[in-house]
Amino acid sequence: MGKDVIIACDFDSAEQTLSFLDQFTDRKPYVKIGMELFYAEGPQIVRDLKERGHRIFLDLKLHDIPNTVKKAMSVLSRLDVDMCNLHAAGTKAMMEAALEGLTRPDGSRPLLIAVTQLTSTSEERMREDLLIRAPLAEVVSHYAQNAREAGLDGVVCSPLEAQTVHQVCGESFLTVTPGVRFADDAAADQVRIATPARAKLLGSDYIVVGRSITAAADPVAAYRRCLEEFI
Ligand code: C5P
């Protein structure tokens, strides 16, 4: 599985997304469609980007009772995305049901990965707001193990946790890591962050980069810089 940079297309319209992506002429980036764009445009935006030749990570972070997630995943499986996700906090039973729902009659399915703890959550907030008292690294490892036991392909975590996840779950278990910033960028709402170069050193399989590319003065140059640092 090749390493890649995934651009988080956090826009609120198809028009803005397509004109943003039109700038990338040399290489079609792997893109992430999150809640904002999906809620604004619905499944058609997935079909449109797929038709333009982009690989797609559909980041809808499902978290509900197992039966509901299973049925939702079964609907999403028809969209033919490359990767989709849910919250590991929904339990192993929910992850197993999701996998079942996502698997098409011919046995094929998109990659399914689980969010461990959001990269905007600090250990203090996890302890105080969520009443989770274990160290953050231990919670991420435990959720990753649950995801692996449920048969998932990997997790979403911070680059800072990628190495530990690989140690616990094996090298082929994917680490998809948002919380990426260039050394000279603002962290904004992200907390557990690393540069693309450090994410590479720590063994991330895919970095997910939003504002450092989408809000850059020259997004194509920022994307190239990510590729150069990370791959
Ligand atoms: O702009 P920025 O690089 O912070 O964007 C990160 C993207 O990754 C956002 O779309 C966010 O929803 C997503 N994400 C995250 N942390 C997770 C899972 C997804 O930041 N644990």
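Values reported hereafter were calculated over all heavy atoms of this structure, with side chains retained and with hydrogens, waters and symmetry mates removed. Counting starts at 1 for both ligands and their atoms, following the listed order.
Electrostatic pairing of D218 and R225 does not count as a salt bridge here, judged by no charged N lying under 4.0 Å from a carboxylate O. Salt bridge R55/D82: absent, no basic N to carboxylate O contact under 4.0 Å.
Among protein heavy atoms, the minimum distance from atom 9 (C) of ligand 1 is reached at D10 OD2, 3.4 Å. Here the protein heavy atom with the shortest distance to atom 11 (C) of ligand 1 is K32 NZ, 4.0 Å. Of the protein's non-hydrogen atoms, P178 CG, 3.6 Å is the one closest to atom 17 (C) of ligand 1. Residue, atom and distance of the protein heavy atom nearest to atom 3 (O) of ligand 1 are G210 N, 2.8 Å. Of the protein's heavy atoms, Q190 NE2, 3.6 Å lies nearest to atom 6 (C) of ligand 1.
Taking a 6.0 Å sphere around CD of E15, one finds it holds 12 or fewer heavy atoms contributed by other residues, nucleotides or ligands.
In this structure, CG on L202 lies 12.0 Å from CD1 on I207, to the nearest 0.5 angstrom. From L160, atom CG reaches atom OG1 of T177 across 9.0 Å, with rounding to the nearest 0.5 Å. For the atom pair NE2 (H87) and CG (L60), the distance works out to 10.5 Å, reported to the nearest 0.5 Å.
With hydrogens and angles disregarded, no donor-acceptor distance shorter than 3.5 Å links the side chain of E96 to the backbone of A93.
At a 4.0 Å heavy-atom cut-off, ligand 1 touches D59 through the side chain alone. In L118, the parts holding a heavy atom less than 4.0 Å from any atom of ligand 1 are both the side chain and the backbone. The parts of T119 lying near ligand 1 are both backbone and side chain, judged by heavy-atom distances below 4.0 Å. Residue contacts with ligand 1 for M35 are absent, since no atom lies close enough (heavy atoms, distance under 4.0 Å).
Test F57, Y206, Y223 against Y30 for ring pair (Phe, Tyr, Trp, His ring centres under 6.0 Å) and you get one pass: Y206.
Each of the atoms 17 (C), 18 (C), 21 (N) of ligand 1 lies under 4.0 Å from some heavy atom of V156.
Counting heavy atoms only, K61 comes closest to atom 19 (C) of ligand 1 of the residues R211, K61, H87.
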